[in-house]
Protein chains: 2
Amino acid sequence: MARKAGSHAEITGPKVREAALRLFAQYGFAAVSMRQIAREVGVQAGALYTYTTDKQALLFDLMHDHMGDVLAGIAAMPDGSPGERLEWIVRYHIGYNLTHKDGVFINYMELRNLEPENRKVISALRRRYEDAVEAVLVDGQEKGVFQIPDTRLATMAVIAMLNGVNTWYREGGRLSQDRVERIYWNMVRRAVKGA
Amino acid sequence: MARKAGSHAEITGPKVREAALRLFAQYGFAAVSMRQIAREVGVQAGALYTYTTDKQALLFDLMHDHMGDVLAGIAAMPDGSPGERLEWIVRYHIGYNLTHKDGVFINYMELRNLEPENRKVISALRRRYEDAVEAVLVDGQEKGVFQIPDTRLATMAVIAMLNGVNTWYREGGRLSQDRVERIYWNMVRRAVKGA
DNA sequence: GTCTATAGTACGATAGAC
DNA sequence: GTCTATCGTACTATAGAC
């Protein structure tokens, strides 16, 4: 116990990632120093480079893993009618975002701090998520249960609307998460149905 | 002409602000140095401090002026029915955002880089904008032309949806700005009306 | 109003000891 | 695997000359 130096690979690795995720989300990638991350973890700055080749790779790995998680989640969408699947997406998106605030925040704030090749990778993953949402809208449109003038715009509109929840929702606030999900589903449902 | 040093207060001041706005929007406040701004303007770094007390004040002034402009715009909303006013807001919001991309971007990305007191000021101005939008929803609700389960959530949902346009809209792309405004108004209209 | 020069600090990353 | 020490660089902001 309490030794100052030793081998802690299984513990330190995840701690570095957790600290970086939290600090990047709070202050922004450019504003956070490697020394600051190290202090949070409880090691010296040099020790971080056992776990990441450099600061850029640390950011990219966090964003990449986040998108993998998001995509695995939406791939598990149950079968059902277009309406049922769209409601599932609304709830999944809000629920996931509220339980992974830091990852969500970084993934849409720090794209510009990725080097071009890394940015391409993350953008492509994000695009896959958008396509999964749009596929449900297209299906509903073809089946005649949705009336959507432009499924691409509707996709972007729905995602932006749902992302907005993270900017104001506070646990223990005026509305429960379930109530928020219901209200948003109500608005989305009406927006994609005929007038 | 071509003198290296001289008095250019009327020219340099605005140039500093324009350069800072553009660079902060592109790379983020924390990632941009005063030297970088100076290089863009064509002066030495020290000369910037004639126009701003420090980097923080430069950011705050840009954000503050942006919000003043936004609020002056929405204060000029014409009279009309709730539906007419909401349509006006949709078009104003999209149009303003697309013609002031950098200011919009900074104002919602750089809040966390403001010192606490400055942040309070900007947050209060943003809140005034939200309140102006909500007032229209409340009016329509009271007049029975809107059916909205929660006007505050609907306000946040509408604003988030409209903000999303800036993330994907490209001039000369698939859709004209007017077409985008129509489609978004169509979705908003349906979202706030009864099913 | 702008310049040059600089004080004082912090940064990312690496080398070598343990 | 982590430490200490450090290289080379960059930063914000200020002082004083012009």
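Keep in mind that the numbers below use all heavy atoms, side chains included, and drop hydrogens, waters and symmetry copies. A, B, ... follow the sequence lines: proteins, then strands. Residue 1 opens every chain.
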Fill in the blank from the handout: Residues at least two apart in sequence or cross-chain that pass salt bridge (charged side-chain N to carboxylate O under 4.0 Å, His left out) with R119(A), listed by chain then number, are none
Problem - Residues which pass salt bridge (charged side-chain N to carboxylate O under 4.0 Å, His left out) with R174(A), listed by chain and number, not counting sequence neighbours - result: D150(B)
Exercise for the section: Check DNA chain C against residues 53-65 of chain B and give the residues with a non-hydrogen atom under 4.0 Å, in numerical order. Expected result: none
Practice task
Name all residues meeting the salt bridge (charged side-chain N to carboxylate O under 4.0 Å, His left out) criterion together with R179(A); count only those two or more places apart in sequence or in a different chain, and write none if there are none.
Solution key: none
Problem - Residue met sooner reading DNA chain C from 5', once T50(B) and M34(A) are mapped to nucleotides - result: T50(B)
Handout entry: Under-4.0 Å side-chain N/O to phosphate OP1/OP2 contact, S33(B) with dC11(D)
Key = yes
Handout entry: Apart from V138(B) itself, residues in the same hydrophobic cluster as defined by side-chain heavy atoms under 4.5 Å
Key = none
Practice task
Examine dT2(D): is either OP1 or OP2 under 4.0 Å from a nitrogen or oxygen in the side chain of T12(A)? Give yes or no.
Solution key: yes
Fill in the blank from the handout: So side chain to side chain donor-acceptor pair (under 3.5 Å) across residues 18-28 of chain A, not counting sequence neighbours, yields R22(A)-E40(A)
Problem - Salt bridge flag under 4.0 Å for residues D79(A) and R85(A) - result: no
Practice task
Could you identify which residues of residues 36-49 of chain A place a heavy atom less than 4.0 Å from some atom of DNA chain C, listed by residue number, or say none?
Solution key: G46(A), Y49(A)
Problem - Partner set under salt bridge (charged side-chain N to carboxylate O under 4.0 Å, His left out) for D54(A), not counting sequence neighbours - result: none
What donor-acceptor contacts under 3.5 angstrom involve side-chain atoms of residues 155-167 of chain B, with partners at least two apart or in another chain?
unit_1, atom_1, unit_2, atom_2, d
T155(B), OG1, T151(B), O, 2.7
N163(B), OD1, H93(B), NE2, 2.8
N163(B), OD1, N97(B), ND2, 3.1
N163(B), ND2, I159(B), O, 3.4
N166(B), ND2, N97(B), O, 3.1
T167(B), OG1, G164(B), O, 2.6

Handout entry: Spacing of R35(A) atom CZ relative to dT4(D) atom C1', expressed in whole Å
Key = 12 Å
